[in-house]
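A quick write-up on the structure given underneath.
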Amino acid sequence: MISAKNIHKSFGKLKVLKGVSIDIEKGEKVVIIGPSGSGKSTFLRCLNLLETPTLGEVYIENNLFSFTDAYLHDDILRLSNTYKKLIKNLGDDKIVLDKIKEEKLLKKFEGFAFNKALKLFYKENGININKGRSQMGMVFQHFNLFNNLTVMQNMVLAPVQLKIKTKDQAEADAISLLTRIGLLDKKDVYPATLSGGQKQRIAIVRALNMNPKVMLFDEPTSALDPEMVGEVLSLMKELADDGMTMVVVTHEMGFAKEVATKIVFMADGVIKEENSPEDFFKNPKDERLKEFLSKVL
């Protein structure tokens, strides 16, 4: 479904992600946990290009969604005339690729020819950024509803603007989704009149109105009062039971145990351990994970 390969992300000299790779299969519920500052939210935002990776690639259903520097991308380098010449002489793929990168040979020797190869690669393998993002619903920590729009207007804006649905279709589906969460009576009110739990549940069904193939949740309960957490987690469990592919950054250990098919522990910008919920909590192997669990459980 989604494959992230060697994702790095730096903000100036600060290296937040240091080579994160993961495969997320259709129907999986992947929960990402870890200490604050470990890179969890940054990685989630790299999956749908809200943050552009400094290095690495993201694939959606085997289609290339993101990569950073064409001169560092192995599949593209293999299309270049420079690679074709060197591979005849040197014979070893890795040696040739490393030589091209380290000595920046393409920037020295190729211009138009390499650009043609790059366009061909995009045409055969790439996926439009808007198309890719439309397949991934995103739910944020702080709701991100448009305060100047009613709930219904929030629900229909994106699918209509991106021509995923007609206005009538989007409104009909919005009514169905709001009915499902018991908030149809709020369709004509503005977000400022809603509780935190109501805002977050509406943010979730707003994302669902895009008909996504996967849902990304970035600490969706951390900004809520404790008494409102349950109603949001309950909706997320319903989505999980319905078979939705989900990637969830959270500190809710109970949710992770109950819903996740795979739990990932991140620390210091890398994945330290990933496993099934049972083995993850009962038999942790990484020392940093053991320390983390001893504090949160």
Side-chain angles (χ1 to χ4, degrees), residues 1-26 28-76 101 118 121-122 125-144 158 162 203-204 207 210 212-220 222-223 244-251 256 260-274:
M1 183 73 192
I2 299 177
S3 181
K5 298 183 179 181
N6 195 35
I7 299 297
H8 291 250
K9 179 62 182 178
S10 298
F11 297 96
K13 294 182 179 179
L14 178 63
K15 295 181 179 179
V16 178
L17 299 176
K18 305 170 185 176
V20 178
S21 298
I22 190 172
D23 292 319
I24 301 160
E25 303 297 334
K26 184 177 180 180
E28 270 198 310
K29 288 78 180 163
V30 178
V31 172
I32 303 175
I33 66 173
S36 297
S38 60
K40 307 182 301 294
S41 293
T42 299
F43 174 65
L44 197 71
R45 293 168 69 88
C46 283
L47 289 181
N48 67 356
L49 298 192
L50 287 179
E51 295 288 354
T52 302
T54 306
L55 181 66
E57 298 96 41
V58 177
Y59 291 80
I60 301 176
E61 295 183 327
N62 297 318
N63 293 307
L64 181 63
F65 179 46
S66 110
F67 66 87
T68 46
D69 189 342
Y71 293 98
L72 297 175
H73 193 289
D74 291 351
D75 289 339
I76 293 175
K101 294 174 187 177
L118 179 57
F121 184 85
Y122 263 130
N125 299 279
I127 182 172
N128 177 272
I129 185 170
N130 289 328
K131 181 179 178 182
R133 279 179 174 161
S134 71
Q135 297 179 33
M136 291 187 276
M138 183 81 174
V139 178
F140 300 89
Q141 182 176 345
H142 293 289
F143 324 129
N144 284 21
L162 294 175
I204 292 172
M210 293 286 289
K213 295 181 178 180
V214 59
M215 288 286 289
L216 310 178
F217 295 88
D218 186 9
E219 300 193 27
S222 62
M244 173 64 73
T245 306
M246 300 166 65
V247 186
V248 185
V249 171
T250 186
H251 294 291
T261 56
K262 178 166 64 181
I263 303 181
V264 174
F265 175 70
M266 287 186 64
D268 303 319
V270 298
I271 292 176
K272 294 284 190 177
E273 188 166 331
E274 61 179 277

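Annotation for C46 and V58: closest pair O-CG2, 3.9 Å, computed over non-hydrogen atoms. In terms of heavy atoms, V16 sits closest to G39 at CG1-CA, 3.9 Å. Shown here for A4 and L47, the closest heavy-atom pair between the two residues is CB-CD2, 4.1 Å. Residues S10 and T54 share a closest heavy-atom pair of N-OG1, 2.9 Å. The two residues R133 and L50 make their nearest non-hydrogen contact at NH2-N, 4.0 Å. Residues V31 and A256 approach most closely at CG1-CB, 3.8 Å, considering heavy atoms.
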Task: Verdict with reasoning, S222 to Q141, per side-chain hydrogen bond (donor to acceptor under 3.5 Å, both in side chains) - done: CA-CA 6 Å; S222 62; Q141 182 176 345; 3.0 Å; yes
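Within the 4.5 Å cutoff, the side chain of K40 has heavy atoms near those of the H251 side chain. Residues L162 and M210 meet the side-chain proximity criterion, which asks for heavy atoms closer than 4.5 Å. M1 is not listed as a side-chain neighbour of E28, based on a closest heavy-atom distance of 4.5 Å or more. In this structure, F65 and Q135 have side chains that are not in contact, with every pair of non-hydrogen atoms separated by 4.5 Å or more. Here the side chains of M136 and I60 are in contact, with some heavy-atom distance below 4.5 Å. The shortest side-chain heavy-atom distance between F217 and T250 does not fall under the 4.5 Å cut-off. Taking the side chain as every heavy atom from C-beta outward, I204 and M215 approach each other to under 4.5 Å.
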Sequence neighbours left out, cut at 3.5 Å: what donor-acceptor pairs do the side chains of residues 261-271 make with other protein atoms?
residue: T261; atom: OG1; partner: K29; partner atom: N; Å: 2.9
residue: T261; atom: OG1; partner: K29; partner atom: O; Å: 3.2
residue: K262; atom: NZ; partner: D23; partner atom: O; Å: 3.0

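D218 CG to M138 CE: the interatomic distance, rounded to the nearest 0.5 Å, is 5.0 Å. For the atom pair CD of E61 and OG of S3, the computed distance is 12.5 Å after rounding to the nearest 0.5 Å. From T42, atom OG1 reaches atom CG of L17 across 5.5 Å, with rounding to the nearest 0.5 Å. The structure places CD of E273 at 9.5 Å from CD1 of I33, a figure rounded to the nearest 0.5 Å. Taking CE of M246 as the reference point, atom CD1 of I24 lies at 12.0 Å (rounded to 0.5 Å).
Residues passing the side chain to side chain donor-acceptor pair (under 3.5 Å) test with S134, sequence neighbours excluded: none. Contacts of F43 classified as ring pair (Phe, Tyr, Trp, His ring centres under 6.0 Å), with partners at least two apart in sequence or in another chain: none.
Side chain to side chain, H142 and N144 fail the donor-acceptor criterion of an N or O pair below 3.5 Å.
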